[in-house]
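The structure under discussion appears below in the form of structure tokens.
Since we're looking at a predicted model, the values are computed, not measured.
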Amino acid sequence: QVQLVESGGGLVQAGGSLRLSCAASGTIFSINTMAWYRQVPGKQRELVAAITSEGTTHYADSLKGRFTISRDNSKNTVYLQMNSLKPEDTAVYYCNADVKPRSWTPTYLNYWGQGTQVTVSS
């Protein structure tokens with residue numbers, strides 16, 4: 001079994017910064033893409049940023065320049081540095097990862113974290 005545990009959420013004033021972390025643990029042979037999504041009540045979950053195992057990144061167009069995704073493959077951990085936060089960034093942020101638990105697992109399996117709340121006050 002694989003677990004993704006997020007941390008680093010909280011309450012911050014507009015213009016402030018937060019750094020989210022997500023550590024994958026359990027039976028892990030390799031991890032392909034890791035990503036951050038966010039969701040507000042009543043809306044669909046949306047992609048914030050993603051990063052491949054080689055370090056290629058992809059961002060939601062609206063967040064480019066303010067958010068930075070990175071990862072430490074040795075720690076199976078992905079980070080999201082969020083700067084110049086705005087009230088509209090308030091959401092639950094979820095970690096997502098494509099994991100191959102064992103070398104003989106035929107495909108990567110997709111896992112979600114439990115989410116961490118980010119609240120930006122105006």
Side-chain angles (χ1 to χ4, degrees):
Q1 189 61 285
V2 174
Q3 297 84 37
L4 301 179
V5 179
E6 301 104 333
S7 60
L11 175 64
V12 64
Q13 288 189 331
S17 298
L18 281 176
R19 189 191 193 209
L20 305 183
S21 300
C22 170
S25 63
T27 304
I28 298 173
F29 173 73
S30 67
I31 303 177
N32 193 359
T33 300
M34 301 185 82
W36 289 96
Y37 288 75
R38 67 185 185 183
Q39 188 171 26
V40 298
K43 292 191 176 181
Q44 285 191 332
R45 193 171 295 187
E46 63 175 0
L47 176 67
V48 173
I51 184 168
T52 68
S53 56
E54 294 81 16
T56 301
T57 57
H58 171 77
Y59 295 92
D61 287 341
S62 62
L63 300 175
K64 286 180 181 177
R66 294 194 299 122
F67 289 13
T68 302
I69 191 170
S70 61
R71 66 190 279 174
D72 184 336
N73 290 332
S74 68
K75 296 180 180 180
N76 290 333
T77 298
V78 63
Y79 306 96
L80 184 68
Q81 178 67 44
M82 305 185 293
N83 298 327
S84 302
L85 283 162
K86 305 175 181 180
E88 51 263 42
D89 294 318
T90 296
V92 178
Y93 285 71
Y94 295 92
C95 177
N96 180 271
D98 293 326
V99 180
K100 185 175 286 191
R102 300 185 185 279
S103 60
W104 58 84
T105 306
T107 62
Y108 284 91
L109 306 177
N110 190 255
Y111 293 90
W112 289 93
Q114 81 287 352
T116 186
Q117 177 70 47
V118 171
T119 302
V120 184
S121 63
S122 57

Can you tell me how far the [atom1] atom of [X] sits from the [atom2] atom of [Y], to the nearest 0.5 Å?
X     : Y      : atom1 : atom2 : result
Arg66 : Leu85  : CZ    : CG    : 6.5 Å
Gln3  : Ile28  : CD    : CD1   : 8.0 Å
Lys86 : Ser122 : NZ    : OG    : 14.0 Å
Leu80 : Met34  : CG    : CE    : 12.0 Å
Thr68 : Leu63  : OG1   : CG    : 10.5 Å
Thr52 : Ile69  : OG1   : CD1   : 10.0 Å

Side chains of Asn32 and Lys100: closer than 4.5 Å at any heavy-atom pair?
no
[X] side chain to [Y] backbone, donor-acceptor under 3.5 Å:
X     : Y     : value
Asn73 : Ser53 : yes
Thr57 : Ile51 : no
Glu46 : Arg38 : no

Suppose we screen for salt bridge (Lys or Arg N to Asp or Glu O under 4.0 Å). Which residues come up paired with Arg71, at least two apart in sequence or across chains?
none
What residues, two or more places apart in sequence or in another chain, satisfy salt bridge (Lys or Arg N to Asp or Glu O under 4.0 Å) together with Arg19?
none
Start with the C-alpha gap between His58 and Leu47, add the side-chain angles, then the distance that decides, and say whether side-chain contact (heavy atoms from CB on, under 4.5 Å) holds.
CA-CA 9 Å; His58 171 77; Leu47 176 67; 3.6 Å; yes
Which heavy atom in [X] sits nearest to a heavy atom in [Y], and how many Å separate them?
X      : Y      : answer
Val92  : Gln117 : CG2-OE1, 3.2 Å
Val5   : Gln114 : CA-OE1, 3.9 Å
Pro101 : Tyr111 : CG-OH, 4.0 Å
Leu11  : Ser121 : CD1-CB, 4.3 Å
Cys22  : Leu4   : SG-CB, 3.9 Å
Asn83  : Gln81  : OD1-NE2, 2.9 Å

How about Tyr108 and Ser30: does a side-chain donor come under 3.5 Å of a side-chain acceptor?
yes
What residue among Val78, Val48, Val118 forms side-chain contact (heavy atoms from CB on, under 4.5 Å) with Leu20?
Val118
With Asn110, which of Asp98, Thr33, Val99 fulfils side-chain contact (heavy atoms from CB on, under 4.5 Å)?
Asp98
Give the ring-plane orientation class for Tyr94 versus Trp112, where under 30° counts as parallel, over 60° as perpendicular and anything between as tilted.
perpendicular
Hydrophobic cluster identity match, Val12 and Tyr93, side-chain contacts under 4.5 Å:
yes
